[in-house]
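Beneath this line is the structure, given in C-alpha cells, with notes to follow.
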Amino acid sequence: MGTQLGNPFADLKRSVGAALSKALEGLCLNAELSDDLESLIEEPPRREFGDLSVPATRISKLCDVSLDELLPRLMESLKGLEVVERVEVVGGYVNIFVNYSVFGARVLNSILTSGLRYGVPEGLKSERVVVEYISANPVHPLHVGSGRNAVLGDFLYRLHKFVGNEVQRRYYVNDVGLQSAYLAYGYFKLGLPSIPPHMKPDHYLGLIYAATTTIIDIMRLKKALSRAEGSSDLSRLNEIRGELDSLIGDLARIADAIPNEVSVLSERIASDEDPESKVMEVLRGYERGDKNFMFAREVCNKVLEGIQETLNKLNVGMDVWDWESDLVWGGEVDYVVEKALESKYYRLHKGAPALFFDDLTNDPLLRERLKVPKSLEIPPLILRRSDGSTLYTTRDIAYTLKKFKEFSAAKVINVIAVEQTLSQAQLRLALQALGFPKEAENLIHYSYEMVNLPGTSMSGRRGRYVTVDELLNKLVEMVKTIMSERDAEISGDQALKIARSAVKYMILSVSPSKTLVLDLKKALDLKQNSGPYIQYTYVRAKSVLEKVGVLPQGGLDLSKANKEPLKTLLFELSKFPEVVAEVLVSGQPEDLVAYANNLATIFNKFYDVEPIAKEPDEGYRALKVAITYGASVVLRNFMEIAGMDVLDRM
RNA sequence: GGGCCCGUAGCUCAGCUAGGAUAGAGCGCCGGCCUUCUAAGCCGGAGGUCCCGGGUUCAAAUCCCGGCGGGCCCGCCA
C-alpha cells in the first residue's frame with residue numbers, strides 16, 4: 001500500500017497507524033487490534049489538544065499492557081515521524097501535533113497537482129449506477145416533499161459522477177395508477193380543455209385532480225351519511241359530518257382558483273351514478289391501450305411539461321423518462337406475472353394472485369443481505385387485482401429489471417420516501433423470489449423522511465400543498481429585496497441561482513432520516529451555515545486569486561505554515577477527499593455540508609486577519625495564495641456535488 | 001395491536017454506528033469591527049434537567065430495559 005497523493009489526510013492517518021503498530025510490536029498480542037489501529041485514531045474535541053489523538057487507555061486495555069509501559073513506546077515511535085512536530089500526553093490520550101511545514105507541503109502539493117480533481121477518492125473502481133428519483137405522480141405540481149427528493153437524488157447523481165462513476169438519472173412516470181385515472185376522468189368530464197395561458201399546466205391540472213377526487217369523496221361520504229342516519233351510532237354520524245365539512249372546505253378553496261371548472265365538474269360528476277367505477281373504466285381502458293383512453297397519457301404529459309419547467313428552475317436534470325404504461329403495453333409486466341405464477345412462492349391470497357415471502361424472510365442471512373429490517377413483517381404481495389389490472393409494486397418489479405438491464409447497472413438507487421419502506425422491501429424479496437438475486441441485493445432504497453410546514457397538513461388529493469415553484473419564487477423575491485436594501489442591482493437569473501442554492505443547502509444539511517421542518521421565513525438564511533455563505537466565500541477566494549493572476553509555481557515558504565489560522569485551514573483542506581469517500585458510503589449529505597461550512601468559516605477567518613494578495617513577503621504570499629487556491633477548489637467541488645451554482649461575483 | 005424513525009439551547013440542526021477530555025454550530029437576542037484583497041464577512045456575550053425513569057460501566061447525550069411525546073407503515077392506493 002503506497003502513499004496516496006490525492007488523499008493527504010488518509011495518508012497521515014496511515015503513517016500514524018503504522019507508527020503505532022511498530023510501537024506495539026511484540027508488546028501487544030491482540031492481532032485484530034494491530035490490523036485496525038488506524039480506526040482508533042481520533043480527532044481531539046478541541047484543536048488546542050492537537051491535530052490527532054490516540055486513546056492510550058483504550059489500547060492499554062485492549063492489549064492488556066500497563067500505561068506506564070505503553071506510553072513511552074507510543075511517544076517515541078510517533079516522534080520518529082517526519083510529519084509529527086510534537087506529542088503530548090493528557091488524561092490518557094496521546095495528542096499529536098502535526099508539523100505543518102511537512103504536512104502543509106503534502107496537502108498543497110496534492111491540491112496543486114490534482115487541480116479541480118482534488119477530492120476524487122483514489123483507488124475506486126468505476127461503477128455503473130442508476131439513480132431513480134422524483135418520480136412524482138404526474139397529477140399535480142412538485143411540492144416541497146418532491147423537492148426534497150429532487151435535491152437528494154440530484155446530490156447522489158452528482159456525488160457518484162464526481163467520484164468517477166457512470167450514472168444515469170431516471171424518472172418513473174406513473175401514468176397507469178388510480179391517481180392518473182382520477183385526473184384523466186376529471187379532465188375528460190371537463191371536455192379536455194386547453195390550459196389557461198396564465199397558468200402552468202401542472203398547477204392547473206393539479207387543481208382539476210384535487211377537485212375531481214374531492215368531489216367524488218364528498219359524494220361517497222354523503223352516501224355514507226344517509227346510511228348512517230338510519231342507525232343510532234351518533235359518534236359515527238358526527239365523524240362523517242366532520243370529514244364532510246372539511247372536504248367541502250377544501251373544495252371551496254379549490255373553487256377560489258378555478259370556479260368555473262369546479263362548478264362544471266360538480267355537476268357532471270354528479271350525473272354519473274357511480275363515478276368511482278367510471279374511474280376504474282378509465283384505468284382499465286388505459287391499461288389495455290385502448291385508443292379511446294389515450295387522453296389519459298396526454299394529460300399526464302401536460303403535467304410533466306410543468307414539472308420539467310420546475311426542474312429546470314431548480315437546475316435538476318434527468319436523463320430518461322420511463323412511462324409506466326410502456327411497461328404494461330410492452331409485455332414486461334405480463335412477463336413478471338407469468339414468472340411469478342411459475343414460482344414456488346406463488347399462491348392465491350383472498351382470491352387474488354400473490355407472492356408469499358415467508359420462506360425467504362425466515363432466513364436471517366437473506367434478510368440481512370436484502371436489508372429487510374429484522375422485525376418487519378412482510379405481508380404477501382398481490383400481483384393483480386381481481387379484475388386483472390396490475391398493481392404498483394408488480395409494475396415496479398418489471399421496471400427495476402429494466403433499469404438494471406438497459407444501463408447494465410451494478411447498482412440501482414431508488415430515492416423514495418420512508419413511507420414506502422415496506423413495498424420497497426417487498427420489491428427486493430420479489431426479485432429474489434423470481435430468480436434475480438443480484439438485482440435484489442443491489443437495489444438500494446435511499447429513504448428520506450417527510451417535509452413538514454408549520455401549521456399545514458399537505459395532501460395532493462385535497463390540493464393542499466406548497467409547491468417548489470412557490471418556494472423558489474418566494475426566495476427569489478427575498479433575495480431581490482435584500483439586494484435592493486443594499487442599493488445593489490441583481491439580475492433575476494442571479495437571484496434564482498442564489499435562491500435555489502440556498503434551498504439545496506438547507507435540504508442537504510438535514511439528515512434524510514429526520515423530518516424536515518421547512519419554515520418559509522427562515523428557509524433563506526444568507527448568513528453563516530447557508531448556501532449563499534458558501535457561494536460568497538468562494539467568490540472572495542476567487543477574487544483574491546484574480547488579483548494575484550497566476551498560481552505559484554513553487555517557492556512556497558512552508559516554514560510559515562506552522563501558525564493559525566493557516567494550520568487549521570491546511571488541516572481541513574486535507575480532509576476533503578476523506579469526507580467525500582465517507583459520504584459516498586454513508587449517503588449522508590449533512591456530513592459534507594457541515595464540512596464545507598466549517599472550511600468556509602476558517603477561510604473567512606484567514607481572509608479577515610491575513611493579507612493575501614497584498615502580502616509583501618514573496619514566499620509567504622505564495623503559500624497563502626496556494627492555500628486560497630485550495631479553499632476555492634474544495635468549495636467549488638462541494639458546490640458541484642451539492643448542485644449549487646458556482647458564482648464568480650455576488 | 002405490531003413494526004420502523006425521531007426527541008439535544010427560544011427556533012433549525014450536528015454529535016449517538018465503534019461509551020471517555022469543559023455537549024457543538026447557525027438563526028434569533030445583546031455588544032464591538034468597514035480610508036487596506038467583496039461587511040452575504042469577522043470578533044465577543046448571554047442562552048442547555050442532552051424527553052423521563054431504571055440498568056451496565058471507573059466513565060453514558062452515546063449501550064441495554066421500561067415509559068412518555070411526535071411522525072410514518074401494516075390496502076385488490078401509490
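So that the names make sense, note that chain A is the first sequence line, chain B the second, and so on, each numbered from 1.
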From Leu67(A) atom CG to Thr57(A) atom OG1, the distance as rounded to the nearest 0.5 Å: 6.0 Å

Nearest nucleotide by nearest heavy atom, which residue falls closer to the 5' end of RNA chain B, Arg395(A) or Ser53(A)? Ser53(A)

Spacing between Ile482(A) atom CD1 and rC27(B) atom P, to the nearest angstrom: 13 Å

For Asn95(A), report the nucleic acid contact type (base, sugar-phosphate, nothing); a contact means any heavy atom under 4.0 Å. base

Integer angstrom distance from the P of rC64(B) to that of rC6(B): 12 Å

What integer number of Å spans the P atoms of rA39(B) and rA46(B)? 28 Å

Any strand is fair game: report the nucleotide pairing with rC72(B) by Watson-Crick or G-U wobble, both distances under 3.5 Å, or none. rG3(B)

Check the orientation of Tyr392(A) and Tyr172(A). Use parallel for under 30°, tilted for 30 to 60°, and perpendicular for over 60°. tilted

Listed nucleotide nearest any side-chain atom of Phe49(A), set rA14(B), rU38(B), rA21(B): rA21(B)

If you measure from the P atom in rC29(B) to the same atom in rU17(B), how many Å do you get, rounded? 36 Å

Non-hydrogen atoms of Val337(A) and Thr394(A) that approach each other most closely: CG2-CG2, 3.8 Å

Would you mind pulling out the nucleotide paired to rG41(B), Watson-Crick or G-U wobble, both distances under 3.5 Å? rC33(B)

Test side-chain contact (heavy atoms from CB on, under 4.5 Å) applied to Pro565(A) - qualifying residues, sequence neighbours left out: Phe606(A), Val609(A), Glu610(A)

Which whole number of Å gives the distance between the C1' atom of rA23(B) and that of rG15(B)? 8 Å

Go along nucleotides 70-76 of chain B 5' to 3' and tag each nucleotide: B for a protein heavy atom under 4.0 Å from its base, S when only backbone or sugar atoms are that close, - otherwise. --SSS-B

I'd like to check the side-chain contact (heavy atoms from CB on, under 4.5 Å) partners of Pro379(A); sequence neighbours left out, ordered by chain and number. Leu422(A), Gln426(A)

With side chains defined as the heavy atoms from C-beta onward, is the minimum distance between Arg621(A) and Pro552(A) less than 4.5 Å? no

Out of rA14(B), rC6(B), rU38(B), whichever nucleotide has its closest atom nearest the side chain of Tyr607(A): rU38(B)

Would you indicate whether Glu48(A), at its atom CD, is surrounded by more than 12 heavy atoms from other residues, nucleotides or ligands within a distance under 6.0 Å? yes

With heavy atoms under 4.0 Å as the rule, sort Ser586(A) into base, sugar-phosphate or nothing. nothing

Going by the glycosidic torsion and a 90 degree boundary from 0, is the base of rC34(B) oriented syn or anti? syn

Measure from CZ on Phe603(A) to P on rC37(B) and round the result to the nearest Å. 14 Å

Is any side-chain nitrogen or oxygen of Lys514(A) closer than 4.0 Å to OP1 or OP2 of rA14(B)? yes

Using the P atom in both, what is the distance from rU35(B) to rU49(B), to the nearest Å? 42 Å

Checking all strands, does Arg58(A) fall into the base, sugar-phosphate, or nothing category for heavy-atom contacts under 4.0 angstrom? sugar-phosphate

Quick one: label Pro44(A) by what it contacts on the DNA or RNA (base, sugar-phosphate, nothing), any heavy atom closer than 4.0 Å. base

Please report the distance, rounded to the nearest Å, between CD in Gln535(A) and P in rU38(B). 18 Å

Taking side-chain contact (heavy atoms from CB on, under 4.5 Å) as the test, write out the residues that go with Asn137(A), two or more places apart. Val139(A), Asn174(A), Gln179(A)

Quick check against the 3.5 Å criterion: does Ser389(A) have a side-chain atom that pairs as donor or acceptor with the backbone of Arg385(A)? no

Answer with base, sugar-phosphate or nothing: what part of the nucleic acid does Arg461(A) contact at a heavy-atom distance below 4.0 Å? nothing

Atom-to-atom span, CD of Glu43(A) to C1' of rA23(B) - whole angstrom: 17 Å

Using atom CZ of Arg220(A) as one end and atom C1' of rC77(B) as the other, report the distance to the nearest whole Å. 11 Å

For a quick check of understanding: with a heavy-atom distance under 4.0 Å over all strands, which category does Ser447(A) fall into, base, sugar-phosphate or nothing? nothing

Interatomic distance, Glu42(A) CD vs rU17(B) P [rounded to whole Å]: 12 Å

Distance between P atoms of rG66(B) and rC72(B) (Å, rounded): 24 Å

Side chain of Tyr533(A): nearest nucleotide among rC42(B), rC37(B), rA18(B)? rC42(B)

Mate of rC63(B) where both pairing distances stay under 3.5 Å, Watson-Crick or G-U: rG55(B)

What integer number of Å spans the C1' atoms of rC16(B) and rA60(B)? 10 Å

Kindly indicate, with the supporting measurements, whether the criterion salt bridge (Lys or Arg N to Asp or Glu O under 4.0 Å) is fulfilled by Glu43(A) and Lys575(A). CA-CA 12 Å; Glu43(A) 275 183 58; Lys575(A) 288 200 298 204; 2.9 Å; yes

Val451(A): which residues meet the side-chain contact (heavy atoms from CB on, under 4.5 Å) condition with it, sequence neighbours left out? Val144(A), Arg148(A), Leu516(A), Leu518(A)

To the nearest Å, how far apart are Arg540(A) CZ and rC34(B) P? 15 Å

Where the side chain of Asn604(A) is defined as all heavy atoms beyond and including C-beta, which of rC13(B), rC42(B), rA39(B) is the nearest nucleotide? rC42(B)

What nucleic acid atoms does Pro611(A) come within less than 4.0 Å of, heavy atoms only: base, sugar-phosphate, or nothing? base

Base, backbone or nothing for each nucleotide of nucleotides 59-67 of chain B, written B, S, -, heavy atoms under 4.0 angstrom, 5' to 3'? ---------

Considering all heavy atoms, the nearest Phe155(A)-Gly587(A) contact: CE2-O, 4.5 Å

Can you tell me the Watson-Crick or wobble partner of rC16(B), both distances under 3.5 angstrom? none

Separation of the P atoms in rG3(B) and rC42(B), to the nearest angstrom: 48 Å

Identify whether any heavy atom of Val517(A) sits under 4.0 Å from a base atom; if not, whether one sits that close to sugar-phosphate; answer base, sugar-phosphate or nothing. sugar-phosphate

To the nearest angstrom, the CD-C1' distance between Gln588(A) and rC16(B) comes to 11 Å

Heavy atoms only, 4.0 Å cut-off, all strands: where does Gln424(A) land among base, sugar-phosphate and nothing? nothing

With nearest nucleotide decided by heavy atoms, which residue, Met483(A) or Lys605(A), maps closer to the 5′ end of RNA chain B? Met483(A)

Counting distance only, does the side-chain N/O of Ser146(A) pair as donor-acceptor with the main-chain N or O of Ala136(A) below 3.5 Å? no

